[in-house]
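For reference, positions follow the sequence shown, starting with 1. Treat the numbers as computed from the prediction; the structure is a model and nothing was measured.
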Amino acid sequence: MSPRVAEKRRKEILMAYAAWKPIVAFVSRLSKHLRYGQSSLLDVGTGEGVFGLEVAKEFGVSKTTLVDIQGALLVELAANTVFEMADVCDENFVPKFQNQFSVVTCFKALHEFRNPVQAALNLVRILPERGVTFIMDHAEEGWEHLRINRFQNKGSLLHYERDLDRLTLSRSRLTTNTGIRDFWEQEIFPGLPGEHYLTFHGHMYSMIYVARQ
């Protein structure tokens with residue numbers, strides 16, 4: 001990717017982040033109320049890393065770890081930030097990252113994981129007591145928005161269709177609001193001891209999980 005294209009992509013991501021920043025700020029305040037002492041953040045499915053570093057600033061963490069299955073960062077990593085390649089669906093993900101991070105985030109990536117159920121469970125199982133997982137992804141309106149807009153760009157359309165094919169294979173029905181509610185409330189939350197909050201806001205939904213014993 002050329003420097004010009006990379007800078008354009010960074011600006012596009014930051015514009016999208018600006019629309020969701022109030023929600024991120026709310027979760028940040030909740031997280032700071034629950035946790036204590038030094039804190040660290042793990043951003044899973046970080047992609048270009050732009051969201052991850054912006055969220056880390058909002059949460060005011062002392063250390064940030066960005067994780068993805070491939071390296072495609074468009075950001076420079078500071079001394080308190082590292083990047084690791086790892087698959088959230090692998091069986092070694094929980095032992096590797098468990099109890100190391102007070103905040104775990106995942107933005108617009110859950111639908112891309114090969115096993116969304118396993119990914120969601122792993123994202124909450126690695127939390128220490130009073131740790132917070134924050135997941136945000138497309139709601140039904142968001143998928144419809146993508147469908148309408150991405151037909152104008154062949155590359156984006158192929159990416160959109162690949163996402164839908166992946167979700168169909170996973171049988172998670174994460175393209176509908178009913179399917180999203182069923183996914184979290186019937187497949188993920190039962191049996192977990194923590195507190196959870198699921199909300200929809202325009203094109204996106206957010207899930208907040210607070211770990212309890």
Side-chain angles (χ1 to χ4, degrees), residues 13 16-28 30-31 41-47 51-52 54-55 58 67-69 87-90 93-94 103-127 131-151 156-212:
I13 295 172
Y17 175 76
W20 307 326
K21 188 172 180 177
I23 302 167
V24 177
F26 167 77
V27 179
S28 172
L30 172 66
S31 175
L41 181 144
L42 175 70
D43 186 57
V44 180
T46 199
F51 278 154
E54 290 299 317
V55 172
E58 188 68 42
V67 168
D68 206 297
I69 60 172
D87 187 342
V88 67
C89 300
D90 281 353
F93 183 85
V94 172
V103 182
V104 176
T105 57
C106 179
F107 284 87
K108 295 178 64 179
L110 185 69
H111 68 270
E112 295 192 353
F113 299 142
R114 56 187 170 85
N115 186 339
V117 172
Q118 189 62 58
L121 289 172
N122 285 351
L123 287 170
V124 300
R125 285 172 175 164
I126 64 175
L127 292 175
V132 177
T133 287
F134 178 33
I135 297 173
M136 182 180 286
D137 209 338
H138 300 299
E140 188 170 4
E141 287 185 30
W143 285 108
E144 181 63 14
H145 175 79
L146 290 176
R147 185 188 69 79
I148 294 171
N149 286 275
R150 292 198 169 185
F151 276 115
S156 296
L157 175 60
L158 291 174
H159 185 87
Y160 167 81
E161 291 176 340
R162 188 164 59 248
D163 285 344
L164 292 187
D165 289 342
R166 187 183 296 109
L167 288 176
T168 299
L169 290 173
S170 72
R171 301 179 182 178
S172 58
R173 297 193 300 121
L174 284 171
T175 55
T176 68
N177 288 0
T178 299
I180 290 169
R181 290 190 184 279
D182 290 347
F183 174 86
W184 290 104
E185 295 177 359
Q186 296 182 19
E187 297 190 59
I188 307 301
F189 293 148
L192 292 176
E195 304 169 22
H196 55 267
Y197 310 89
L198 178 65
T199 60
F200 292 83
H201 26 79
H203 292 175
M204 308 294 291
Y205 80 87
S206 61
M207 191 288 298
I208 303 169
Y209 181 85
V210 183
R212 303 291 189 197

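For F26, the side-chain contact (heavy atoms from CB on, under 4.5 Å) partners two or more places apart in sequence, or in a different chain, are R29, I208. Scanning for side-chain contact (heavy atoms from CB on, under 4.5 Å) contacts around H203 gives E141, H145, with sequence neighbours left out.
The distance from the CZ atom of F113 to the CG atom of N122 is 10.0 Å, given to the nearest 0.5 Å. One finds the CG atom of L164 at 7.5 Å from the CD atom of E161 (value rounded to the nearest 0.5 Å). Distance CD/Q118 to CZ/F93: 10.5 Å, rounded to 0.5 Å. With rounding to the nearest 0.5 Å, the separation of CZ in F183 from OG1 in T178 is 15.0 Å. Of the inter-residue distances, the one linking L167 atom CG with E112 atom CD reads 9.0 Å to the nearest 0.5 angstrom. Atom CG of residue L192 and atom CG of residue L127 lie 10.0 Å apart, to the nearest 0.5 angstrom.
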Requested in this report: Mind running side chain to side chain contact (heavy atoms under 4.5 Å, CB included) on M207 and F189 for me, showing each step along the way?
Outcome: CA-CA 11 Å; M207 191 288 298; F189 293 148; 3.6 Å; yes

Query raised in the report: For R181 and Y205, what are the C-alpha separation, side-chain angles and deciding distance, and is it a side chain to side chain contact (heavy atoms under 4.5 Å, CB included)?
Result: CA-CA 10 Å; R181 290 190 184 279; Y205 80 87; over 6 Å; no

**Report entry** CA sep, side-chain torsions, deciding dist, call: V27, T105, side chain to side chain contact (heavy atoms under 4.5 Å, CB included)
**Finding:** CA-CA 10 Å; V27 179; T105 57; over 6 Å; no

Query raised in the report: side chain to side chain contact (heavy atoms under 4.5 Å, CB included) between V88 and V67: does it pass, once the steps are laid out?
Result: CA-CA 9 Å; V88 67; V67 168; over 6 Å; no

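A donor-acceptor pair under 3.5 Å is formed between the side chain of D68 and the backbone N or O of G47. T133 places no side-chain N or O within 3.5 Å of a backbone atom of Y209 that could act as its donor or acceptor partner. The backbone N or O of H111 sits less than 3.5 Å from a side-chain atom of D137, completing a donor-acceptor pair. Checked by atom type and distance alone, the side chain of N115 never pairs as donor or acceptor with a backbone atom of C89 at under 3.5 Å.
The minimum heavy-atom distance linking E58 with A25 is given by the pair OE2-CB, 3.6 Å. Counting all heavy atoms, side chain and backbone alike, L174 lies closest to W143 at O-NE1, 3.4 Å. Annotation for T176 and G179: closest pair OG1-N, 2.9 Å, computed over non-hydrogen atoms. For the residue pair A139 and I180, the shortest heavy atom distance occurs at CA-CD1, 4.0 Å. D182 approaches R173 most closely through the heavy-atom pair OD2-NH2, 2.7 Å. Taking both residues in full, the closest heavy atoms of L41 and G52 are given as CD2-O, 4.4 Å, listed atom of the first, atom of the second, then distance.
For the side-chain contact (heavy atoms from CB on, under 4.5 Å) test with F134, the passing option among V24, V103, D43, L123 is V24; the others fail.
Contact annotation: the side chain of I126 approaches that of L42 to within less than 4.5 Å [non-hydrogen atoms, C-beta and beyond].
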